[in-house]
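Written out below as structure tokens is the structure these notes cover.
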Amino acid sequence: MTCLALVTALVIGTVQPASSPPATTDAVTARAVEAANAFLATLSDAERGKATFPFNSSQRTGWSNLPSGIFQRNGLRLGDLTSRQRAAALALVAAVVSRPGYQKITDIMNGDEVLKNAGGGRTGGRQGAPGGRGGVRFGLDEYYLALLGTPSPTTPWIIQFGGHHLALNVTIVGAHNVMTPSLPAAQPAKYTLNGQTVRPLGNENDKGFALINALDAAQQKQAILNYQVRDLVLGPGADGKVIHPEGILASRLNATQQALLLDIAHEWVGILNDEAAAAKMAEIKANLPRTYFAWSGTTTNGGVAYYRIQGPTLVIEYAPQQGDVDHIHTIYRDPTNDYGAKLVTP
């Protein structure tokens, strides 16, 4: 088996979200609880102690885009699990996301394995050194799973899954599923796997450029910032930070342009299961008149450009790193409901 084929077997071939008629959000929560308990049942007492944390512990904010060796994650590392435990861990992730969302997660993880085999990234580890130098580690084994709180159909708990260029925080409170804050990123942004070209965040890139180029000159003047943005403004460690909306209001877009904007937002929102994503998209659509779209950089697809969508309950950022279109960071937040803040009784 080739290395890339092995990547496919480890991630894509392990588990996929069930293809079934749409469920209620209550059913999704029940499925998540069942998958969480099935995962916990595969662990020893010592492993369970590493994987579980109190709901309000500092672990809640213990996530990053950085690779192992630079950022110390807690929870259980996939590379330390047996094949049975690993399958159960990925089945838990699959239980709370959509099929396209799980594919996006898979593509990001497979990309990190490609990065490892290529000798590590320009910004993390020395070129030509598998997995990076100085203890910096990339690849499929370097993703961690943690549970905050007790899996329950009623009381709050969190599924936290991530590694280099991936941080998912799914808060579950009864029938409500919330996926903010989360950070899907990609390096490389384009690679070949089993003869197919993979772009983990290709839609996010292409749809952003489609919208900015759908604006007329006057609209672009409002949308394009008069300064350069080169990184995430509300990335890891920015919980609670407030920024002033910039760009063009969605109310100044025509119906076709508004549909393009909503389609971009769905690339992030739609990672979560279909039921929760539909509810969130309805909320975003209702708030569209107070939602802004901002752009920084070239308007020619293939070049470096940052963009932001910001509304009352939404912040999305897309940011190539250090002028490199092959290294993308993004963030998805709800300033009113990160970690399910509106749903959790103080």
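Not counting sequence neighbours, the partners of Gln228 by the side-chain contact (heavy atoms from CB on, under 4.5 Å) test are Arg230, Ser296. Shown here are the salt bridge (charged side-chain N to carboxylate O under 4.0 Å, His left out) partners of Glu317, two or more places apart in sequence or in another chain: there are none. In this structure Thr52 satisfies the side chain to side chain donor-acceptor pair (under 3.5 Å) test with no other residue, sequence neighbours excluded. Applying the salt bridge (charged side-chain N to carboxylate O under 4.0 Å, His left out) rule to Arg77 yields the partners Asp80, Glu142; only residues at least two apart in sequence or on another chain are considered.
Using the six-membered ring where Trp is involved, Trp295 and Tyr307 have ring planes that are parallel, under 30° apart on the 30 and 60° scheme.
Using a distance-only test at 3.5 Å, with no hydrogens or angles considered, a donor-acceptor pair links the side chain of Asp326 to the main chain of Ala189.
Trp268 and Met281 fall within a single hydrophobic cluster, where Ile, Leu, Val, Met, Phe, Trp and Tyr side chains are chained together by heavy-atom contacts under 4.5 Å. Leu225 and Ile248 fall into different hydrophobic clusters, where Ile, Leu, Val, Met, Phe, Trp and Tyr residues are linked whenever their side-chain heavy atoms come under 4.5 Å apart, directly or through other members. Hydrophobic clustering (ILVMFWY, side-chain heavy atoms < 4.5 Å, transitive): Phe53 and Val344 are in one cluster. Each of Leu183 and Val229 belongs to its own hydrophobic cluster when Ile, Leu, Val, Met, Phe, Trp and Tyr are linked at side-chain heavy-atom distances under 4.5 angstrom. Cluster annotation: Leu232 is not connected to Leu234 through the hydrophobic network of ILVMFWY side chains, with a link wherever side-chain heavy atoms come within less than 4.5 Å.
The closest side-chain heavy-atom distance from Leu90 to Phe39 is not below 4.5 Å. Counting only heavy atoms from C-beta outward, the side chains of Thr150 and Phe55 never approach each other to under 4.5 Å.
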Let me check something: any side-chain donor-acceptor pairs from residues 286-294 under 3.5 Å, sequence neighbours excluded? List them with distances.
unit_1	atom_1	unit_2	atom_2	d
Asn287	OD1	Arg290	NH2	3.1
Asn287	ND2	Glu283	O	3.3
Thr291	OG1	Asn287	O	2.9

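Taking every heavy atom of both residues into account, Ile158 and Arg60 meet most closely at CD1-CD, 3.7 Å. Between Ile271 and Pro184, the shortest heavy-atom contact is CD1-CG, 4.1 Å. Between Trp63 and Pro181, the shortest heavy-atom contact is CZ2-CG, 3.6 Å.
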_One pair to check against salt bridge (Lys or Arg N to Asp or Glu O under 4.0 Å): Glu204 and Arg199. What are the steps and the verdict?_
CA-CA 10 Å; Glu204 291 82 344; Arg199 299 171 68 215; over 6 Å; no
*Apply side-chain hydrogen bond (donor to acceptor under 3.5 Å, both in side chains) to the pair Glu47 and Gln85, showing each step before the final yes or no.*
CA-CA 11 Å; Glu47 290 168 331; Gln85 291 170 328; 3.0 Å; yes
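A side-chain hydrogen bond (donor to acceptor under 3.5 Å, both in side chains) with Thr180 holds for exactly one of Asn169, Asp334, Asp338; it is Asp338.
Applying the side-chain hydrogen bond (donor to acceptor under 3.5 Å, both in side chains) test to pairs two or more places apart or on separate chains, those with a residue in residues 211-221 are Gln219-Gln257.
His164 and Asp112 share a side-chain donor-acceptor pair at under 3.5 Å.
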